[in-house]
Amino acid sequence: MTPRFARRSCGFTFVELVISIVVIGIAVTGVLLVYTTTVASSADPMIRQQALAVAQAYLDEAVSKSYDDPDGADGEVARTDFDDVDDYDALDNVAASLPDGSSAGLDAYIVTVDVTNAVLNGVNMKRVEVEVRGPAGIRVTLASHRAQY
């Protein structure tokens, strides 16, 4: 004969239930912390890439200009009139824009261009350094040299 109330395993005890809830709570907290950190910084790569593109565009534009002023009138004021590398030295803490002067949503990026004379292996050069500061403290600096052929 079997006893009327036989002991069988029919589920969890209260202690096991509380322990499993605590373990699951800790795991979910860890996952949410990683998720929050990832979401909070998900725009940083895009901002950095945009700042890099702005810096590259300004650097390419400056280096593509003549080494010496071709018209003899130095110190052009408008970027559309820049005709030599030295003209870009005037850009100091200006909002980024396209070469035609339109901002195209680049107002959040601040550009500084520094042009200095350099001599490398006996060749006269101008070192062009472009620094772009963007949102969230992003800072990108690119440099190149323009030789006098």
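For the numbers below, each heavy atom of this structure counts, side chains included, while hydrogens, waters and symmetry mates do not.
- Here the side chain of Thr141 pairs no donor or acceptor atom with the backbone of Glu131 at under 3.5 angstrom.
- How far NZ of Lys126 is from CG of Asn117: 5.5 Å, rounded to the nearest 0.5 Å.
- The side-chain heavy atoms of Leu52 and Arg48, taken from C-beta on, include no pair separated by under 4.5 Å.
- Atom CD of Gln148 sits in a crowded spot, with more than 12 heavy atoms from other residues, nucleotides or ligands closer than 6.0 Å.
- Proximity of a side-chain donor or acceptor of Arg146 to a complementary backbone N or O of Lys65 within less than 3.5 Å is detected.
- Between the side chains of Ser66 and Asp84, no donor N or O sits under 3.5 Å from an acceptor N or O.
- Of all the heavy atoms in Thr13 and Glu16, the pair that sits closest is N-OE1, 3.0 Å.
- With contacts defined as side-chain heavy-atom distances shorter than 4.5 Å, the pair Val130/Val111 qualifies.
- Note that CD of Glu129 and CG of Leu142 are 9.0 Å apart. Values are rounded to the nearest 0.5 Å.
- Residue Ile110 shares its hydrophobic cluster (ILVMFWY side chains chained together at separations under 4.5 Å) with no other residue.
- Side-chain atoms of Asp89 come within 3.5 Å of backbone N or O of Val115 as a donor-acceptor pair.
- Interatomic distance, CG of Asp114 versus OH of Tyr88, reported as 15.5 Å (0.5 Å rounding).
- Put simply, the side chain of Tyr58 gets close to the backbone of Ser97: a donor and an acceptor are under 3.5 Å apart.
- Here the closest heavy-atom approach between residue Ala62 and residue Val85 is recorded as O-CG2, 3.5 Å.
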- Item | Stepwise side chain to side chain contact (heavy atoms under 4.5 Å, CB included) check, Asp69 with Asp86 | CA-CA 8 Å; Asp69 202 330; Asp86 285 328; over 6 Å; no
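- Taking hydrophobic clusters as Ile, Leu, Val, Met, Phe, Trp and Tyr residues chained together by side-chain heavy-atom distances below 4.5 Å, Leu59 shares a cluster with Val94.
- Minimum heavy-atom separation, Val140 to Ala55: CG1-CB, 4.2 Å.
- Taken to the nearest 0.5 Å, the CD1 atom of Ile138 stands 10.5 Å off from the CE atom of Met46.
- Within the model, atoms CD of Gln49 and CD1 of Ile47 stand 12.0 Å from one another, a figure rounded to the nearest 0.5 Å.
- Summarising the geometry of Arg133 relative to Asn93, their closest heavy-atom pair is NH2-OD1, 2.8 Å, with the distance given to 0.1 Å.
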